[in-house]
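Report on the following structure.
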Amino acid sequence: RNTGIPGASTFHEGVDLALSTGTPVHAIGNKGEMIDVRCWQDNKGGGLVASYKTSWGIGFDYLHLSRCKPGKHEAGRAIAVVGSS
């Protein structure tokens, strides 16, 4: 990936989705599953991040958020809002 920033890493594990600022972000998981969301600040460029792990052991990190709701949420519920960092 070409970041356009000299010296920046070209390695990237994520999938970038182009969404409008203010779009709700929903937790992925089995129906009825409770997801424990952790919100934190990525000072390396990701901005506000929502992180959680599903019962199948798959972890998700949503970056560049404007809002994040920490705590337990049912899968499928909005846990964050897209930002523009």
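None of the values given here were measured: they were computed from a predicted structure.
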Can you give me the closest heavy-atom contact between [X] and [Y], atom names plus distance?
| X | Y | value |
| --- | --- | --- |
| Ala75 | Asn30 | CB-O, 3.4 Å |
| Ser84 | Thr21 | CB-OG1, 3.7 Å |
| Lys69 | Ala78 | NZ-O, 3.6 Å |
| Ala50 | Ile79 | CB-CD1, 4.4 Å |
| Ile35 | Ala27 | CG1-CB, 4.1 Å |

Kindly say whether Glu74 contributes a backbone atom to a donor-acceptor pair with the side chain of Glu33 at under 3.5 angstrom?
-> no
Sidechain-backbone polar pair: His64 side chain, Gly83 backbone, donor-acceptor under 3.5 Å = no
When rounded to the nearest 0.5 angstrom, what distance separates [atom1] in [X] from [atom2] in [Y]?
| X | Y | atom1 | atom2 | result |
| --- | --- | --- | --- | --- |
| Leu63 | Ser85 | CG | OG | 7.5 Å |
| Leu17 | Thr23 | CG | OG1 | 10.5 Å |
| Lys53 | Arg38 | NZ | CZ | 10.5 Å |

Once the angle between the rings of Phe60 and Trp56 is folded into 0 to 90°, is it parallel (under 30°), tilted (30 to 60°) or perpendicular (over 60°)?
-> perpendicular
Please lay out, stage by stage, how Ile28 and Tyr62 fare under the test side-chain contact (heavy atoms from CB on, under 4.5 Å).
-> CA-CA 11 Å; Ile28 297 170; Tyr62 300 123; 3.6 Å; yes
Yes or no on side-chain contact (heavy atoms from CB on, under 4.5 Å) for Asp61 and Tyr52, after CA distance, side-chain angles and deciding distance?
-> CA-CA 7 Å; Asp61 293 320; Tyr52 66 91; over 6 Å; no
Report whether Trp40 and Leu65 are members of the same hydrophobic cluster (ILVMFWY, side-chain heavy atoms less than 4.5 Å apart, transitive linking).
-> no
Co-membership, hydrophobic cluster, residues Val25 and Ile58, 4.5 Å side-chain = yes
Apply side-chain contact (heavy atoms from CB on, under 4.5 Å) to the pair Val37 and Cys68, showing each step before the final yes or no.
-> CA-CA 9 Å; Val37 178; Cys68 180; 4.1 Å; yes
Looking at side-chain heavy atoms only, is the closest gap between Val49 and Gln41 below 4.5 Å?
-> no
